[in-house]
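Sequence lines set the chain letters: A, B, ... in the order given, protein chains first and strands last, and positions in each chain run from 1. Just so you know, these numbers come straight off a predicted model, no measurement behind them.
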Amino acid sequence: MLYINCSQNYIKPYIHGYQLVTTGMFKLYLACGFTSTAHKVFDKSPERHATVTHDQGYEALASFVRGNGLGKKPTNYELCTALNCCAKTRNSQLGSQIHAKILHMGFHHNLYINSSLVNVYTKCGSTGDAKKVFDGMEFHDEVSWTSMICGLSQNGQGGEALCLFKEMLATRVRPNCVTYVSVISGCTEQESVFKCGELLHAHVIILGHESNSFLISSLIDYYSKCGKMDIAVMLFGSCKPGDDVVILNTMISAYTHNQQGGDAFKLFRKLRDENIIVSEHTLTSILDACGALTVIQQGKQVHALVTKMGSDHNTFVVGALIEMYSKCGNIDEASHVFDQAVYKNNILWTSLITAYAQSGRGLDALKIFDNLVMQKRFYPDHVCFTVVLTACKNSGLLDKGIGYFKKMTSDYNLAPEIDQYACLIDLYARKGDLKSAKKVMDEMPFYANAVMWSSLLSSCKEYGNVELGREAAYKLFELEPSSPVPYLILADIYAGAGLWNEVHNIRKLMNENGVRKSLAGWSCVG
DNA sequence: TTAGGGTTAG
């Protein structure tokens, strides 16, 4: 039994935040059959940028929902189209309901329908459900294999995508360009699969796909994220400028992320001089370069172009402008850009709070956060809490920080993640409450990482705690075996306590473990 | 009727 014409179902999950309320309104209008109003709501939605193909989705989905409301039996083609729309609009709820209908109607053997289901589930972040559908399929074609591989890649499971790709190679179905694009894009997330990209590149060359623009951009992205800029530049050199704006944008980002902001700028200027049409992605990437280079004059010129292109409605571009002004030290202009923004979503609010926090105005950052929360205009997520806790940390506000940490669970039902625990530990440690910091580390549901032990070790040096300092340093010897830093800090701690024999032992241990003291200016004694 | 690349907050 399906209830997809029941509007309540659409509203319930979308009560958090302006952006989601807008999405909920869109879905409500759509569900009630008011497609033109749904169009209007969606046209004003900040989520509009989420996919370029949304527009093709409304009418088909609305028609399907209306038909279902009238008790009309859908064909397998219509179910497929409806699932496709669910994937594009990230509507997991309707997708699951359609899945139930598919099972009820006995269409679950259909290859196309199953591929679409895999796509819906992965686009909505449910790779487990997608895998269940995939594993239950009687046979796979290149599209269904690729859907699953791509879904894993897009959900940060590059290692799993690669394993599935290997399974595919063992079958009679051959991977195509799309499969390679999908699997290569998954190789940029985890270091464990970094080296596989080169092997996949070799496959691409052997198969003669090296001129495919999707493959070129994914390979440029891959090599730049592995730090192999020479190969990225070589691949870029094989294309004609203006052939594909995505390749250009990938190259601009590649330069920026590899501390080559000047080259990013040169490329951008070349595009402008040659009247090559740039996209909003280009603006975002070049603003990123301006921030990295702290070149506010160029940043302002790009801002003028943003206005000229009418791109100030795009939340990605607005976010990049805020970050650029903030990095260039002009927090007032960052704030002004935010005030002028037509659509303000959670991410943009977080960008503003971050801008204040990183400009040494932690108290202002917290004030903005408190006001927003009080007015119920904003429902913070984990990232926002990390920003807020960092602001507390940098301003030395231990009690406030503890209060925000507790609010995560009590007010927002958010289980703290490792990043927020790291902030809390650092808060306690910086204030000298090393006992509480250690207690959090012992009791939290995560293994303490190197960041946490380093934070504890630094504070042990600051507050002269030899016992805990020793424990932290020895943990770091295991976690970061080639780093001289924990050895040197522990030596400082020993020296501060007058334990000269221990200082000599640490020096000996460094030699034994083959760790080289390579930090210029480090204040190690002896 | 099924699949693809590049961009935001710490």
Students often get this wrong, so: under 4.0 angstrom with heavy atoms, is [X] touching a base, only sugar-phosphate, or nothing?
{"X": "A/L389", "value": "nothing"}
{"X": "A/D419", "value": "base"}
{"X": "A/S279", "value": "base"}
{"X": "A/E78", "value": "nothing"}
{"X": "A/V383", "value": "base"}
{"X": "A/K393", "value": "nothing"}
{"X": "A/N114", "value": "nothing"}
{"X": "A/Q154", "value": "sugar-phosphate"}
{"X": "A/C177", "value": "base"}

Determine whether the aromatic ring centres of A/Y325 and A/H303 lie less than 6.0 Å apart.
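When the ring centroids of A/Y325 and A/H303 are compared, they turn out to be within the sub-6.0 Å range.
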Taking the six-membered ring for Trp, is the centroid-to-centroid distance between A/Y222 and A/H201 below 6.0 Å?
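Between A/H201 and A/Y222, which both carry aromatic rings, the centre distance is not below 6.0 Å.
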Looking at DNA chain B, which of [range] put a heavy atom within less than 4.0 Å of it?
{"range": "residues 135-147 of chain A", "value": "A/D141, A/V143, A/T146, A/S147"}
{"range": "residues 255-262 of chain A", "value": "A/H257"}
{"range": "residues 208-226 of chain A", "value": "A/N212, A/S213, A/F214, A/S217, A/D221, A/K225"}

For [X] and [N], what is the distance between atoms [atom1] and [atom2] respectively, to the nearest whole Å?
{"X": "A/M324", "N": "B/dA9", "atom1": "CE", "atom2": "P", "answer": "15 Å"}
{"X": "A/F316", "N": "B/dA9", "atom1": "CZ", "atom2": "P", "answer": "10 Å"}
{"X": "A/L321", "N": "B/dT8", "atom1": "CG", "atom2": "C1'", "answer": "11 Å"}
{"X": "A/I184", "N": "B/dG4", "atom1": "CD1", "atom2": "C1'", "answer": "11 Å"}
{"X": "A/F338", "N": "B/dA9", "atom1": "CZ", "atom2": "C1'", "answer": "12 Å"}
{"X": "A/I102", "N": "B/dT2", "atom1": "CD1", "atom2": "P", "answer": "14 Å"}
{"X": "A/H313", "N": "B/dT8", "atom1": "NE2", "atom2": "P", "answer": "17 Å"}
{"X": "A/I113", "N": "B/dA3", "atom1": "CD1", "atom2": "P", "answer": "13 Å"}

Please report the shortest heavy-atom distance between [X] and [Y], naming the atom on each side.
{"X": "A/K393", "Y": "A/D426", "value": "CD-OD2, 2.9 Å"}
{"X": "A/F134", "Y": "A/S144", "value": "CE1-O, 3.5 Å"}
{"X": "A/N114", "Y": "A/H109", "value": "ND2-C, 4.0 Å"}

Per [X] side chain, nearest of listed nucleotides [options]:
{"X": "A/C80", "options": "B/dT1, B/dG4, B/dT8", "value": "B/dT1"}
{"X": "A/E323", "options": "B/dA9, B/dA3, B/dG5", "value": "B/dA9"}
{"X": "A/T386", "options": "B/dG10, B/dG4, B/dA9", "value": "B/dG10"}
{"X": "A/T390", "options": "B/dG5, B/dT8, B/dG10", "value": "B/dG10"}
{"X": "A/V178", "options": "B/dG5, B/dT7, B/dA3", "value": "B/dA3"}

Does a nitrogen or oxygen in the side chain of A/N119 sit under 4.0 Å from OP1 or OP2 of B/dT2?
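Result: no.
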Looking at side-chain heavy atoms only, is the closest gap between A/F405 and A/C423 below 4.5 Å?
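The answer is no, as the side chains (C-beta and beyond) never meet within the 4.5 Å cut-off.
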Classify the side chain of [X] versus the base of [N] as yes if they form a donor-acceptor pair under 3.5 Å and no if they do not.
{"X": "A/S116", "N": "B/dT2", "value": "no"}
{"X": "A/N346", "N": "B/dA9", "value": "no"}
{"X": "A/N176", "N": "B/dG4", "value": "no"}

Pi stacking test for A/Y112 and B/dT2: under 5.5 Å apart, planes under 30°
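A/Y112 vs B/dT2: stacking no.
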Could you go through residues 226-242 of chain A and list every donor-acceptor pair under 3.5 Å that involves a side-chain atom there, pairing it with any protein atom two or more places apart or in another chain?
unit_1	atom_1	unit_2	atom_2	d
A/K228	NZ	A/E198	OE2	2.2
A/S238	OG	A/L235	O	2.5

Quiz question: by atom type and distance under 3.5 Å, do the side chains of A/E142 and A/T179 form a donor-acceptor pair?
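A/T179 and A/E142 do not have a side-chain donor-acceptor pair below 3.5 Å.
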Might you confirm whether atom CG of A/L103 has over 12 heavy atoms from other residues, nucleotides or ligands at distances under 6.0 Å?
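Atom CG in A/L103 is packed in, count exceeds 12.
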Over 12 non-hydrogen atoms of neighbours within 6.0 angstrom of CZ in A/R174:
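Result for CZ/A/R174: enclosed.
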Between A/K367 and A/D370, does the salt bridge (Lys or Arg N to Asp or Glu O under 4.0 Å) criterion hold? Intermediate values first, please.
CA-CA 5 Å; A/K367 207 185 281 179; A/D370 289 338; over 6 Å; no
Using ring pair (Phe, Tyr, Trp, His ring centres under 6.0 Å) as the criterion, list what pairs up with A/H203, not counting sequence neighbours.
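Expected list: A/Y180.
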With sequence neighbours left out, what residues match A/K407 under salt bridge (charged side-chain N to carboxylate O under 4.0 Å, His left out)?
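With neighbours one apart ignored, the set is empty.
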Is a donor on one side and an acceptor on the other found under 3.5 Å between the side chain of A/S395 and the backbone of A/L397?
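A pair under 3.5 Å: no.
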